Number of protein chains: 2
Amino acid sequence: MNKVNASLGFFLDLAKIQAVMARKFDGKLNGLSLSDFMILYRLSLAEGGKLRRIDLAEQIGLTASGVTRLLLPMEKVGLVKRQSNEHDARVSFVMLAPGGKRKLEEAMERAGLFADEILQPEKNKRLAELSGLLSDLAKSF
Amino acid sequence: MNKVNASLGFFLDLAKIQAVMARKFDGKLNGLSLSDFMILYRLSLAEGGKLRRIDLAEQIGLTASGVTRLLLPMEKVGLVKRQSNEHDARVSFVMLAPGGKRKLEEAMERAGLFADEILQPEKNKRLAELSGLLSDLAKSF
DNA sequence: AATTACTACTTGATATGTCAAGTATATATT
DNA sequence: AATATATACTTGACATATCAAGTAGTAATT
């Protein structure tokens, strides 16, 4: 049987690494799931401090449905809050609640250290390069 | 609020791209899930055509438990078969069944074409490079 | 103004995979 | 030889996300 082509091979490698790294990160995000963390992080970067749910979904690579499900408990627990849009009753913005801001800061600190530890950027000199390629790729679809 | 460090940023990009690509591939693998596909592919490359469940898990980046659950329906449906190890009663090997071999061939063909289509390797000249870096990284943990 | 089509979000049913604990067997230690 | 430890796998309970379908509101077309 044959080997897979380069594009498909790339995708398979990606899937594997992601699965392994995601498990490693589990429990290192200050009690947040990876998706929770991504949500808080994206909100912290958002202009005006708020995002429509659908844009949030797009930014973290999940579906709108997934975002709805993630946000429900986060809202209950005081990590994020909801704001309606006066110009369009369909949309509801999400924004960081004070609890979410604190939690995110702590998680970023810890997760950043841990990420350096497992990726060892001083040894993997080409990591920055890889990172750049990756985010170009992300933009391309 | 601040940006995330380079290592953590890399991981976040990775997670996002993986999620998006995995959804794109859904339905392009000849009726197989991505994990099913990975299992069949790894079995096709394995020396002697068989693997212990635990090695299979390691190769595709899942846990042993996940592999057990994936394999059960695949066995029922005739994609893989099981073989016990005469030297160690704890292990059970997995190998491609004839149906799995056929299915894999078709899936590789289709998925390979689709992967080229979305990654456009002729345009993304640095894809091969990225791929190499990625699999080096995979080996490092 | 009424109809049609689209967009934002939510919900029901389901798939996929984890962790922790359990079973059975094998290996190492006393 | 008996006990302790480790390995390979499986299972129960649960988390996370998907898709397809539904609701409600907005925009475009007739």
Side-chain angles (χ1 to χ4, degrees), chain A residues 15-29 31-40 50-77 79-95, chain B residues 15-29 31-40 50-77 79-95:
Chain A
K16 174 181 171 176
I17 293 190
Q18 197 317 287
V20 173
M21 286 192 69
R23 274 204 309 281
K24 278 187 191 285
F25 267 92
D26 194 49
K28 306 283 180 178
L29 294 170
L32 299 170
S33 78
L34 174 58
S35 299
D36 293 344
F37 178 80
M38 284 181 143
I39 284 178
L40 297 181
K50 61 186 173 185
L51 283 174
R52 304 188 311 163
R53 286 155 134 70
I54 203 172
D55 296 327
L56 185 54
E58 197 281 326
Q59 289 189 15
I60 65 179
L62 296 186
T63 61
S65 158
V67 165
T68 294
R69 298 215 136 98
L70 283 163
L71 251 25
L72 191 66
M74 292 176 77
E75 209 176 328
K76 271 190 193 150
V77 137
L79 295 175
V80 298
K81 56 193 176 193
R82 156 191 311 247
Q83 190 188 59
S84 56
N85 180 340
E86 52 187 55
H87 303 305
D88 187 338
R90 287 169 305 179
V91 340
S92 82
F93 289 117
V94 203
M95 43 202 318
Chain B
K16 174 181 172 178
I17 294 190
Q18 205 297 302
V20 173
M21 288 192 68
R23 275 204 308 282
K24 279 188 191 284
F25 267 93
D26 193 50
K28 306 283 179 179
L29 293 170
L32 298 170
S33 78
L34 174 59
S35 299
D36 292 345
F37 178 79
M38 284 181 143
I39 285 178
L40 296 182
K50 61 186 174 185
L51 283 174
R52 304 188 312 163
R53 287 156 134 70
I54 202 172
D55 296 327
L56 185 53
E58 198 281 326
Q59 290 190 14
I60 66 179
L62 298 186
T63 61
S65 157
V67 165
T68 294
R69 298 218 135 96
L70 284 163
L71 251 24
L72 192 64
M74 293 177 76
E75 208 176 328
K76 272 189 192 152
V77 137
L79 294 175
V80 298
K81 57 193 177 193
R82 156 191 310 248
Q83 190 189 60
S84 56
N85 180 340
E86 52 187 56
H87 303 305
D88 187 339
R90 288 169 306 179
V91 340
S92 80
F93 289 117
V94 204
M95 44 202 316

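Here is how names work: the chains are called A, B, and so on, in the same order as the sequence lines, proteins then strands, and each is numbered from 1. Just so we're clear, the structure is a prediction, and the values are computed from it rather than from any experiment.
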Asks: Please report, rounded to the nearest Å, how far the P atom of dA17(D) is from the CG atom of Leu34(B).
Replies: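 For the pair Leu34(B) CG and dA17(D) P, the rounded distance is 16 Å.
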Asks: Going by the rule side chain to side chain contact (heavy atoms under 4.5 Å, CB included), which residues pair with Met95(B) if we only count those two or more places apart in sequence or in a different chain?
Replies: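 For Met95(B), the residues satisfying side chain to side chain contact (heavy atoms under 4.5 Å, CB included) (neighbours in sequence not counted) are Lys50(B), Lys81(B), Gln83(B).
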Asks: Please confirm whether the backbone N or O of Gly61(A) pairs with a side-chain atom of Arg23(B), one donor and one acceptor, at under 3.5 Å?
Replies: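 Side chain of Arg23(B) to backbone of Gly61(A), a donor-acceptor pair under 3.5 Å: yes, one is there.
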Asks: Whole angstrom is fine here: how far is it from CG in Asp55(B) over to C1' in dT7(D)?
Replies: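 Distance, rounded to whole Å: 12 Å.
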Asks: Arg90(B) CZ to dA6(D) C1': how many Å, rounded?
Replies: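 The distance from CZ of Arg90(B) to C1' of dA6(D) comes to 8 Å, rounded to the nearest Å.
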Asks: State, to 0.1 Å, how close Val67(B) and Arg53(B) come at their nearest heavy-atom pair, and which atoms those are.
Replies: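 In this case the closest contact between Val67(B) and Arg53(B) is CG1-O, 4.0 Å.
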Asks: Under 4.5 Å between any side-chain heavy atoms of Leu56(B) and Val94(B), yes or no?
Replies: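 Side chain of Leu56(B) against side chain of Val94(B), heavy atoms only: contact under 4.5 Å found.
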Asks: Kindly compute the distance separating CD (Gln59(B)) from CE (Met38(B)), expressed to the nearest 0.5 Å.
Replies: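 Reported value, rounded in 0.5 Å steps: 10.5 Å.
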Asks: Residues from residues 62-71 of chain A sitting under 4.0 Å of DNA chain C, heavy atoms only?
Replies: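 Per residue number, the list reads Ala64(A), Ser65(A), Thr68(A), Arg69(A).
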Asks: Could you list where the contact with chain B starts and ends along DNA chain C, reading 5' to 3', using a 4.0 Å heavy-atom cut-off?
Replies: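 Contact boundaries, 5' end first: dT16(C) to dA26(C).
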Asks: Do Leu40(B) and Met74(B) come close enough that some side-chain heavy atom pair is under 4.5 Å?
Replies: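 Of all side-chain heavy-atom pairs linking Met74(B) with Leu40(B), at least one is under 4.5 Å.
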Asks: Return the 5'-most residue of the pair Leu72(B), Ser35(A) with respect to DNA chain D, ranking by each residue's nearest nucleotide.
Replies: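 On the 5' side of the pair lies Leu72(B).
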Asks: Write down the distance between NE2 (His87(B)) and P (dA8(D)), rounded to a whole number of angstrom.
Replies: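 Distance, rounded to whole Å: 16 Å.
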Asks: DNA chain C: Ala19(A) or Asp88(A), which has the more 5' nearest nucleotide?
Replies: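 In this pair, the answer is Asp88(A).
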Asks: Can you measure Glu75(B) atom CD to dC9(D) atom C1' for me and round it to whole angstrom units?
Replies: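 Interatomic distance, CD of Glu75(B) to C1' of dC9(D): 13 Å.
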Asks: Show the numbers, then the answer: is there a side chain to side chain contact (heavy atoms under 4.5 Å, CB included) between Arg52(B) and Phe93(B)?
Replies: CA-CA 5 Å; Arg52(B) 304 188 312 163; Phe93(B) 289 117; 3.6 Å; yes
Asks: Do you know the tightest heavy-atom contact between Pro73(A) and Leu70(A)?
Replies: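 Closest approach of Pro73(A) to Leu70(A), heavy atoms only: CD-O, 3.4 Å.
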Asks: In whole angstroms, how far is the P atom of dT16(D) from the CZ atom of Arg23(A)?
Replies: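 My rounded result for the distance is 15 Å.
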Asks: Roughly how far apart are Leu79(A) CG and Ile39(A) CD1, rounded to 0.5 Å?
Replies: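 Leu79(A) CG to Ile39(A) CD1: 10.0 Å, rounded to 0.5 Å.
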Asks: Rounded to whole angstrom units, what separation is found between the CZ atom of Arg52(B) and the P atom of dT7(D)?
Replies: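 After rounding, the gap between these two atoms is 10 Å.
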Asks: Between dA17(D) atom C1' and Phe25(B) atom CZ, what is the distance in whole Å?
Replies: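 Atom-to-atom, Phe25(B) to dA17(D), this comes out as 19 Å.
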